[in-house]
Q: 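Dropping a structure here in structure tokens format, bear with me for questions.
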Amino acid sequence: MTPTTPSSDDPSRDPAAGARGLRSDYCGDLRVGDEGRQVQVCGWVARRREHGEHLAFIDLRDHTGLVQCVVDGAHELRNEWVVRVTGTVRRRPDGTLNEDLPTGEIEVGDCTVEVLSSSEPVPFPIDERVEVDETVRLRHRYLDLRASRMQRNLRLRAAVNGALRAAMDRQGFVEIETPLLIASTPEGARDFVVPSRLSPGEFYALPQSPQLFKQLCMVGSVDRYYQVARCLRDEDLRADRQFEFSQLDLEASFVSQSDILDMVGVAIRAAVASARGEEPGPIAHMTWRDAMDRFGSDKPDTRFELELVDVTGVFAQTEFNAFRAPSVKAIRVPGGADTTRSRLDDLTDRAKRWGAKGLVWMRVEPDEINSPVAKFLSATELADLRAATGATAGDLLLIVADEWRTTCHVLGLLRLELGRPAVTEGGLQFLWVVDFPLFEALGEDGSPVPAHHPFTMPHPDDLHLLDSAQSADLLSVRSQAYDLVLNGWELGSGSVRIHDPVVQRRIFALLGIGADEAQDRFGFLLDAFRFGAPPHAGFAFGIDRLVALLAGEENIREVIAFPKTQSGGDPLTGAPGPLDPGQLGELGLRLLPPAN
RNA sequence: GGUCCCGUGGUGCAGUUUGGAGUGCACGCCGGCCUGUCAAGCCGGAGGUCGCGGGUUCAAAUCCCGUCGGGACCGCCA
């Protein structure tokens with residue numbers, strides 16, 4: 001599946017869009033239908049092919065593509081010079097058509113060339129076929145952006161943004177901008193902070209998300225809010241994570257979870273349609289518990305099988321100590337029995353690094369199971385194991401026994417290691433993961449840690465468990481929180497919010513947050529809720545991730561014009577950099593010597 | 001905080017396992033030739049702190065230690 005972007009073939013585009021300023025047309029727009037027209041095209045010299053003193057071909061490039069210009073000598077021109085070419089569109093002579101080029105049936109002949117700007121030789125080829133080191137690309141990002149890959153990705157992103165905004169507008173949402181300089185709240189991710197000049201020694205934080213403001217909008221009777229919101233989190237970067245990212249953030253009043261899922265679905269379908277030309281089908285639902293049990297992840301990649309099979313019951317009475325655990329699960333790898341010993345050792349090492357005590361492997365052979373631990377297991381156990389997993393000769397079984405969460409987590413990572421398809425394969429598998437737990441674990445002080453955030457409404461069927469004295473019961477409380485997953489990437493999450501101060505106080509108490517502390521940290525929100533808060537719910541999803549997957553990119557840096565490296569630097573601008581002493585003084589700051 | 005991979009003319013690579021002269025390939029660049037090419041072709045040329053520092057050795061791109069930069073991942077990311 002090839003992503004498409006608006007092009008000269010897009011009927012909605014103004015056909016005269018190129019006929020402005022110095023040019024009459026864009027390079028990539030010219031076709032046989034333009035035969036005989038005198039045109040002016042502007043762009044960069046992509047390549048020149050000289051044939052002696054009086055014949056040369058110039059491939060002229062702008063963001064729409066290439067067109068071949070035939071000139072009387074081009075010895076003075078060089079690659080990446082900026083020129084304006086005036087000439088006549090004509091059919092190419094028989095036998096000289098280029099089928100690889102959309103403009104390959106025509107050329108611009110009888111050309112006069114105006115040099116608008118010259119160029120030094122560029123530090124790397126602007127050519128799809130050469131994979132250039134990413135640091136070099138980022139150091140000269142303005143050159144990298146000339147490549148069709150980046151042009152395609154940026155324009156795809158713009159199209160998706162436009163489709164999202166239109167879809168939200170259609171559904172009655174109003175776009176509202178929220179502040180970038182806000183108060184730091186010690187929840188969640190590490191804040192980026194900004195020192196205050198007018199209040200030396202005090203700091204603003206940059207928003208991790210507009211969470212509290214959009215809820216205030218609901219109290220303010222906005223009814224339906226959305227924003228393409230920049231969010232900032234000072235956490236380690238990854239292929240799917242930058243310091244700065246964009247979310248489609250939304251919140252609505254007097255709606256339920258299913259309403260939010262529907263409204264987000266409308267936006268998602270519009271985005272996919274803008275990128276792919278066709279809408280995806282309905283988005284499947286899965287409970288968090290199922291996701292963890294079957295895929296070992298709260299963001300399951302459902303493009304491939306290798307599901308986890310629970311075999312705890314098989315070993316309920318086992319003599320093998322390693323399998324006497326709360327949870328024993330297996331992955332069956334069809335045809336995996338020929339996996340080499342060194343690869344199995346490698347997988348075992350990984351499993352241990354990921355937190356497992358070990359990894360048991362079994363090669364399934366016609367009459368026996370070949371495994372270092374087979375001798376510790378009874379014939380019944382081995383037979384039941386084969387039956388439970390459906391294993392047949394030639395398969396490989398990988399088994400982890402541990403606490404339920406660890407077993408799921410480790411096998412989930414192993415599953416990805418063994419079978420995850422490339423980003424361009426397997427289509428677009430959207431998935432709603434619902435019924436997240438309200439609390440994800442017990443903290444060091446014994447109080448539960450919120451899985452989403454402290455304003456998440458518990459599942460109505462589980463409200464009674466909040467009054468239980470048993471910590472274990474608390475961990476089984478479900479919430480009205482939900483995630484949207486695409487091909488194993490968490491696109492976004494949301495929840496129904498607590499609008500009742502009584503329930504909110506109860507949750508804060510369970511979290512170990514006293515009334516004074518709650519007032520100190522979220523006082524303005526709690527105050528607002530004293531004055532008539534409508535029931536409300538919301539969601540936010542990452543636009544960088546959505547666009548990357550729609551573009552077939554493994555890394556969100558490919559859909560960001562000016563991204564940071566994994567260590568948080570920008571090779572183009574040199575950021576981050578030191579502050580001069582004057583600026584520091586004005587802010588009331590003094591630097592400590594580097595630790596150690 | 002941790003694990004792993006990468007770093008060789010401007011670019012992309014080979015060479016590193018098994019130490020032996022900066023050896024090689026492709027692109028680009030500079031000069032010349034060339035009237036239908038399209039990653040044009042042909043001839044000639046320039047271009048190197050093998051990321052950096054230290055160590056082992058008669059000898060290090062190659063082995064060892066450290067460090068810097070980049071990348072993937074675990075932790076982290078309510």
Side-chain angles (χ1 to χ4, degrees), chain A residues 46-60 66-75 78-80 92-101 103-104 107 109 120-140 143 185-191 208-209 211-212 231-243 245 346 349-356 409-410 413 416-417 420 436 438-441 443 448-456 479 481 490 493 495 511 513 521-522 540 542 554-555 557 564-569 571:
Chain A
R47 232 179 305 277
R48 71 200 161 96
R49 296 176 290 278
E50 283 193 85
H51 291 257
E53 202 177 344
H54 290 295
L55 177 65
F57 301 96
I58 293 173
D59 288 341
L60 191 65
L66 294 179
V67 68
Q68 171 169 287
C69 304
V70 187
V71 300
D72 180 4
H75 196 64
R78 290 293 182 273
N79 284 346
E80 302 308 324
R92 296 191 184 193
D94 287 347
T96 66
L97 306 193
N98 185 345
E99 292 179 359
D100 297 330
L101 227 50
T103 60
E107 62 191 12
E120 294 177 22
V122 289
F124 60 91
I126 298 169
D127 186 326
E128 299 298 283
R129 288 172 298 252
V130 184
E131 184 119 350
V132 180
D133 180 82
E134 201 180 346
T135 316
V136 177
R137 292 175 57 202
L138 292 183
R139 189 174 299 134
H140 306 276
L143 296 177
T185 57
E187 294 293 304
R190 194 177 293 115
D191 280 326
Q208 299 173 22
S209 79
Q211 180 62 37
L212 300 179
C231 305
L232 298 104
R233 296 177 189 175
D234 187 4
E235 298 291 348
D236 289 0
L237 294 79
R238 287 280 202 288
D240 62 350
R241 277 165 31 191
Q242 286 267 304
F243 285 153
F245 58 100
D346 171 52
D349 284 346
R350 287 172 194 267
K352 287 178 177 171
R353 282 204 298 273
W354 291 331
H409 176 66
V410 171
L413 290 173
L416 294 176
E417 169 71 23
R420 185 165 207 179
F436 267 72
L438 191 61
F439 308 112
E440 76 180 11
V449 178
H452 187 53
H453 59 55
F455 317 111
T456 304
S479 68
E490 182 193 320
S493 58
S495 61
L511 295 175
I513 300 174
R521 283 158 64 170
F522 314 110
E554 305 271 4
N555 195 304
R557 291 190 298 272
K564 305 266 187 299
T565 66
Q566 195 165 67
S567 56

Q: Rounding to a whole Å, what distance do you find between A:Asp133:CG and B:rU11:C1'?
A: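 After rounding, the reported distance stands at 10 Å.
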Q: Taking only nitrogen or oxygen atoms into account, show me every contact under 3.5 Å that the protein makes with nucleotides 44-47 of chain B, one pair per line with its distance.
A:
none

Q: Between P on B:rC5 and CG on A:Asp349, what's the gap in Å once rounded to a whole number?
A: 12 Å
Q: To the nearest Å, how far apart are A:His75 NE2 and B:rG31 P?
A: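 For the pair A:His75 NE2 and B:rG31 P, the rounded distance is 5 Å.
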Q: Is there a Watson-Crick or G-U wobble partner for B:rU23 with both distances under 3.5 Å, and which nucleotide is it?
A: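 With both distances under 3.5 Å, B:rU23 matches B:rA14.
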Q: Report all interatomic pairs (protein N or O, nucleotide N or O of nucleotides 74-76 of chain B) with separations under 3.5 Å.
A:
| from | atom 1 | to | atom 2 | distance (Å) |
| --- | --- | --- | --- | --- |
| B:rC74 | OP2 | A:Arg238 | NE | 3.4 |
| B:rG75 | OP1 | A:His409 | NE2 | 3.3 |
| B:rG75 | N7 | A:Arg238 | NH2 | 2.8 |
| B:rG75 | O6 | A:Asp236 | OD2 | 3.4 |
| B:rG75 | O6 | A:Arg238 | NH1 | 2.8 |
| B:rG75 | O6 | A:Arg238 | NH2 | 3.2 |
| B:rG75 | N1 | A:Asp236 | OD2 | 2.8 |
| B:rC76 | O2' | A:Glu235 | OE1 | 2.8 |
| B:rC76 | O2 | A:Arg241 | NH2 | 3.0 |
| B:rC76 | N3 | A:Arg241 | NH1 | 3.0 |
| B:rC76 | N3 | A:Arg241 | NH2 | 2.9 |
| B:rC76 | N4 | A:Arg238 | NH2 | 3.4 |
| B:rC76 | N4 | A:Arg241 | NH1 | 3.0 |

Q: Return the set of residues passing side chain to side chain contact (heavy atoms under 4.5 Å, CB included) with A:Asp72 (not counting sequence neighbours), or none when no residue passes.
A: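 A:Asp72: side chain to side chain contact (heavy atoms under 4.5 Å, CB included) contacts with A:His54.
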Q: If you measure from the C1' atom in B:rC27 to the same atom in B:rG47, how many Å do you get, rounded?
A: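 Each nucleotide's C1' atom is 14 Å from the other's.
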Q: From the options B:rG31, B:rG70, B:rG36, select the nucleotide whose nearest atom is closest to the side chain of A:Ser567.
A: B:rG70
Q: State which of B:rC77, B:rC34, B:rG36 makes the closest approach to the side chain of A:Glu50.
A: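 Of all the options, the side chain of A:Glu50 is nearest to B:rC34.
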Q: What do the steps show when you test A:Asp349 against A:Arg353 for salt bridge (charged side-chain N to carboxylate O under 4.0 Å, His left out), and what is the final call?
A: CA-CA 6 Å; A:Asp349 284 346; A:Arg353 282 204 298 273; 5.3 Å; no
Q: From CZ of A:Arg48 over to P of B:rG41, roughly how many Å is that when rounded to an integer?
A: 13 Å
Q: Between B:rA39, B:rG10, B:rU37, which nucleotide has the shortest distance from any of its atoms to the side chain of A:Arg47?
A: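 So the nucleotide nearest the side chain must be B:rA39.
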Q: When we call it a touch if two heavy atoms are under 4.0 Å apart, what does A:Glu107 touch: a base, just sugar-phosphate, or nothing?
A: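 Contact class for A:Glu107: base.
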Q: Just checking A:Pro450: base, sugar-phosphate only, or nothing, at a heavy-atom cut-off of under 4.0 Å?
A: sugar-phosphate
Q: At less than 4.0 Å, is any side-chain N or O atom of A:Gln566 found next to OP1 or OP2 of B:rA72? Yes or no.
A: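 Yes, within the criterion.
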Q: Just the rounded figure in Å: distance from C1' of B:rG28 to CG of A:Asn79.
A: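 So the two atoms are 9 Å apart, to the nearest Å.
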Q: Mind checking A:Arg350 for me? I need base, sugar-phosphate or nothing, with any heavy atom below 4.0 Å counting as a touch.
A: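 Since no nucleic acid heavy atom lies under 4.0 Å of A:Arg350, the category is nothing.
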